[in-house]
Amino acid sequence: MIILIVFHVLVHCLLVQVEANCKTGCSLALASYYVRRGSNLTYISTIFNKPIPEIIIYNPHVSNPDEIDAGTRIDVPFTCDCLNGEFLGHTFDYFTQFGDTYDTVASNTYANLTTEDWVRRVNVYDYTRIPDHVTINVTVNCSCGDRHVSRDYGLFSTYPIRSGEDLSVIAAEANVSVELIRRYNPGVDFTAGSGLVFVPAKDQTGNFPPLKTR
Ligand SMILES: *[C@@H]1O[C@H](CO)[C@@H](O)[C@H](O)[C@H]1NC(C)=O
Ligand SMILES: *[C@@H]1O[C@H](CO)[C@@H](O)[C@H](O)[C@H]1NC(C)=O
Ligand SMILES: *[C@@H]1O[C@H](CO)[C@@H](O)[C@H](O)[C@H]1NC(C)=O
Ligand SMILES: *[C@@H]1O[C@H](CO)[C@@H](O)[C@H](O)[C@H]1NC(C)=O
Ligand SMILES: *[C@@H]1O[C@H](CO)[C@@H](O)[C@H](O)[C@H]1NC(C)=O
């Protein structure tokens with residue numbers, strides 16, 4: 001009997017956790033886009049449906065918008081929405097090209113800001129037959145902060161970890177402590193050389209904007 005009650009309580013807790021994941025999003029998050037050779041702002045502007053001048057604001061290191069350096073990252077601003085009340089993310093419209101697969105779209109086009117599995121789940125097309133020249137959904141996760149961790153950070157970058165990068169490199173780049181990044185990303189394996197982390201980011205004034213109280 002007691003076991004049964006404990007079981008019911010456990011199931012109830014699990015269900016509640018699954019349901020109540022987000023109520024609202026936030027107007028700004030950043031996508032940390034790794035620039036490959038041959039990539040340019042026109043292309044980045046197209047795939048993120050964002051005008052170049054709006055992107056430039058968050059990238060003071062870019063001196064020449066016509067030529068961005070391969071191997072650097074561009075922070076692309078986007079709105080972080082509460083999707084289906086379930087999780088924080090944003091769905092970008094992507095116009096498919098000949099030869100695209102959900103895997104190449106996630107790992108090449110969107111530079112691992114999402115995964116094949118995550119893209120596949122938000123599109124009706126069978127993964128073996130994605131039509132050319134159609135619009136598909138590409139969903140990128142995001143964060144609006146967490147008052148249980150800190151109220152000092154209200155803007156976050158969705159940052160795909162690249163092979164060879166570890167937590168200390170990411171923390172140093174963001175100018176925050178390793179401990180802080182860990183607390184915002186419970187359960188993330190920082191030694192895997194892949195996966196997403198949410199990293200506190202500076203706004204266009206060069207400061208970390210605090211968490212907005214709602
Ligand atoms: C920008 O990048 C796209 C995709 O890589 C490429 O097709 C296009 O020619 C490039 N444009 C310029 C001006 O380099
Ligand atoms: C995405 O991840 C894959 C596998 O780790 C890697 O081969 C690829 O170069 C990454 N893409 C970018 C643009 O970093
Ligand atoms: C995005 O978030 C959802 C919900 O937390 C998770 O299930 C999914 O794996 C995440 N997607 C990526 C690409 O990390
Ligand atoms: C994209 O997502 C919207 C909203 O969930 C859905 O109505 C639409 O069918 C999706 N597009 C594709 C190509 O699956
Ligand atoms: C990094 O943060 C420290 C304080 O936490 C500050 O003194 C320093 O100026 C910052 N460095 C950069 C490059 O923003």
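A quick note: this is a predicted structure, and the numbers were derived from the prediction, not measured. First listed ligand is number 1; within each ligand, the first listed atom is number 1. The basis for the numbers below is simple: all heavy atoms, side chains too, and nothing from hydrogens, waters or symmetry mates.
Around the OH atom of Tyr127, the shell of radius 6.0 Å holds no more than 12 heavy atoms that belong to other residues, nucleotides or ligands.
Side-chain atoms of Pro200 and Leu180, non-hydrogen and from C-beta on, do get closer than 4.5 Å to each other.
Looking at Tyr34 next to ligand 2, no N or O pair under 3.5 Å apart turns up.
Shortest contact from atom 2 (O) of ligand 1 to any protein heavy atom: Asn40 ND2, 2.4 Å. Looking from atom 9 (O) of ligand 2 to the surrounding protein, the closest heavy atom is Arg162 NH1, 4.5 Å. Of all protein heavy atoms, the one lying nearest to atom 4 (C) of ligand 1 is Tyr43 CD1, 3.6 Å.
Cation-pi check for Arg73 over Tyr33 is not met; the charged atom does not lie both under 6.0 angstrom from the ring centroid and within 45 degrees of its normal.
Residue contacts with ligand 4 for Thr91 are absent, since no atom lies close enough (heavy atoms, distance under 4.0 Å). Of all the heavy atoms of Asn137, the ones lying under 4.0 Å from any atom of ligand 4 belong exclusively to the side chain.
Counting heavy atoms only, Asn112 comes closest to atom 3 (C) of ligand 2 of the residues Asn112, Thr115, Leu113.
Within 4.0 Å of atom 14 (O) of ligand 1, at least one protein heavy atom is present. Distance remark: protein heavy atom not present below 4.0 angstrom from atom 7 (O) of ligand 1. Protein heavy atoms come within 4.0 Å of atom 11 (N) of ligand 2.
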Next item on the list: Would you please test Tyr159 and Phe198 for ring-ring contact (aromatic ring centres under 6.0 Å, His included) and show each step?
Entry: CA-CA 6 Å; Tyr159 187 105; Phe198 300 118; over 10 Å; no

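Not a single heavy atom of Ser194 sits less than 4.0 Å from an atom of ligand 2.
Near Val122, the atoms of ligand 4 lying under 4.0 angstrom from a non-hydrogen atom of the residue are 1 (C), 10 (C), 14 (O).
A donor-acceptor pair is defined here as one N or O able to donate and one able to accept, closer than 3.5 Å; such a pair exists between the side chain of Ser45 and the backbone of Lys50.
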